[in-house]
Participant: 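Structure provided below as structure tokens; questions to follow.
For the single chain, residues carry numbers from 1 onward in sequence order.
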Amino acid sequence: MGATYVEVTVRNPAMPDRTWTGPFLADTGAFDSLVPANRLRAIGLQPRGSREYTLADGQQLSLEVTVAELEFEGERVGGTIVYGDEDTEPLLGVTALESGGFEVDPRAERLKKLPAVLLK
């Protein structure tokens, strides 16, 4: 089993023509999605606050966040986006995956469309 990557377009909801597209690691261990800060600022997104996050190694950080639209696999969802370092790998978090109605198939290294989005 390997990593699952997805082509994702990040869209500024206030200016829908301002976008950035790149490969994201589908990360079911991450709650929110993460994008390099320079990519977010380039499409006109500004931080709307900060949140406390716990990294995989247990380290806790306060990171800036914003709200954006994410488009992948033919679906468009809104979500909280974390500002990452400029060299960080973009992550597609579980809230965006589930909002779009997807789960990760680690054996096939792709997303699998669920029959319906859970509402409970």
Participant: Counting C-beta onward and ignoring hydrogens, is there a side-chain heavy-atom pair between L111 and V6 closer than 4.5 Å?
Facilitator: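 Heavy-atom side-chain distance check passes, below 4.5 Å.
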
Participant: Using 0.5 Å steps for rounding, measure from the NZ atom of K112 to the CZ atom of F102.
Facilitator: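 If we round to the nearest 0.5 Å, K112:NZ and F102:CZ are 12.5 Å apart.
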
Participant: Are V94 and Y53 joined in one hydrophobic group, where the rule is that I, L, V, M, F, W and Y side chains link up if heavy atoms are under 4.5 Å apart?
Facilitator: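 Per the 4.5 Å side-chain linkage, V94 and Y53 are not co-clustered.
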
Participant: With a cut-off of 3.5 Å and sequence neighbours excluded, list every side-chain donor-acceptor pair involving residues 77-87.
Facilitator:
residue	atom	partner	partner atom	Å
Y83	OH	L45	O	3.2
Y83	OH	Q46	N	3.4
Y83	OH	Q46	O	3.4

Participant: Is any side-chain heavy atom of V35 closer than 4.5 Å to one of F24?
Facilitator: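 Counting from C-beta outward, F24 and V35 do come under 4.5 Å.
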
Participant: With the threshold set at 4.0 Å, does a side-chain nitrogen-carboxylate oxygen contact exist between R51 and D32?
Facilitator: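 The answer is yes: the pair qualifies as a salt bridge.
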
Participant: Side-chain heavy atoms under 4.5 angstrom apart, residues restricted to Ile, Leu, Val, Met, Phe, Trp, Tyr: same cluster for L40 and V8?
Facilitator: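 Yes.
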
Participant: To the nearest 0.5 Å, how far apart are OG in S33 and CG in L91?
Facilitator: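 If we round to the nearest 0.5 Å, S33:OG and L91:CG are 7.5 Å apart.
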
Participant: Would a single hydrophobic cluster contain both F72 and V10, if residues Ile, Leu, Val, Met, Phe, Trp and Tyr are joined by side-chain heavy-atom contacts under 4.5 Å?
Facilitator: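 As far as the 4.5 Å side-chain criterion goes, F72 and V10 are connected within one cluster.
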
Participant: side-chain hydrogen bond (donor to acceptor under 3.5 Å, both in side chains) with Q59: which residues, sequence neighbours excluded?
Facilitator: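 In terms of side-chain hydrogen bond (donor to acceptor under 3.5 Å, both in side chains), with neighbours along the sequence ignored, Q59 is linked to no residue.
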
Participant: Taking side chain to side chain contact (heavy atoms under 4.5 Å, CB included) as the definition, give me every residue that meets it alongside T28, ordered by chain and number, with sequence neighbours left out.
Facilitator: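 For T28 the side chain to side chain contact (heavy atoms under 4.5 Å, CB included) partners, ignoring immediate neighbours, are L97, V104.
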
Participant: Does the pair E64/R41 count as a salt bridge with the N-to-O cut at 4.0 Å?
Facilitator: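 Counted as a salt bridge, because a side-chain N and a carboxylate O are separated by less than 4.0 Å.
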
Participant: I want to check something: taking the side chain as every heavy atom from C-beta on, are T66 and P47 in contact at a cut-off of under 4.5 Å?
Facilitator: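 A side-chain contact under 4.5 Å is absent here.
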
Participant: Check this for me, if you would: do E71 and R11 make a salt bridge, where the nitrogen-to-carboxylate-oxygen distance has to be below 4.0 angstrom?
Facilitator: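 Salt bridge present between E71 and R11.
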
Participant: Which distance, rounded to the nearest 0.5 Å, do you find between the CZ of R110 and the CD of E73?
Facilitator: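 Separation between the atoms: 9.0 Å.
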
Participant: Crowded around F31 CZ? As in, over 12 foreign heavy atoms under 6.0 Å?
Facilitator: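 No, because the 6.0 Å sphere around CZ of F31 holds 12 heavy atoms or fewer from other groups.
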
Participant: Taking the side chain as every heavy atom from C-beta outward, state whether K113 and E103 have any pair of such atoms under 4.5 Å apart.
Facilitator: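 They are not in side-chain contact.
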
Participant: Just verifying a value: how many Å separate T54 OG1 and Q60 CD, rounded to the nearest 0.5 Å?
Facilitator: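 So the gap between those two atoms works out to 4.0 Å.
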
Participant: Do P36 and P90 have side chains that approach each other closer than 4.5 Å (heavy atoms only, starting at C-beta)?
Facilitator: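 A side-chain contact under 4.5 Å exists here.
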
Participant: As an exercise, state the distance from OG1 of T88 to CG of L25, rounded to the nearest 0.5 Å.
Facilitator: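 The OG1 atom of T88 sits 10.5 Å away from the CG atom of L25.
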
Participant: Any side-chain heavy-atom pair from V65 and S50 closer than 4.5 angstrom?
Facilitator: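 Result no, sub-4.5 Å side-chain heavy-atom pair not found.
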
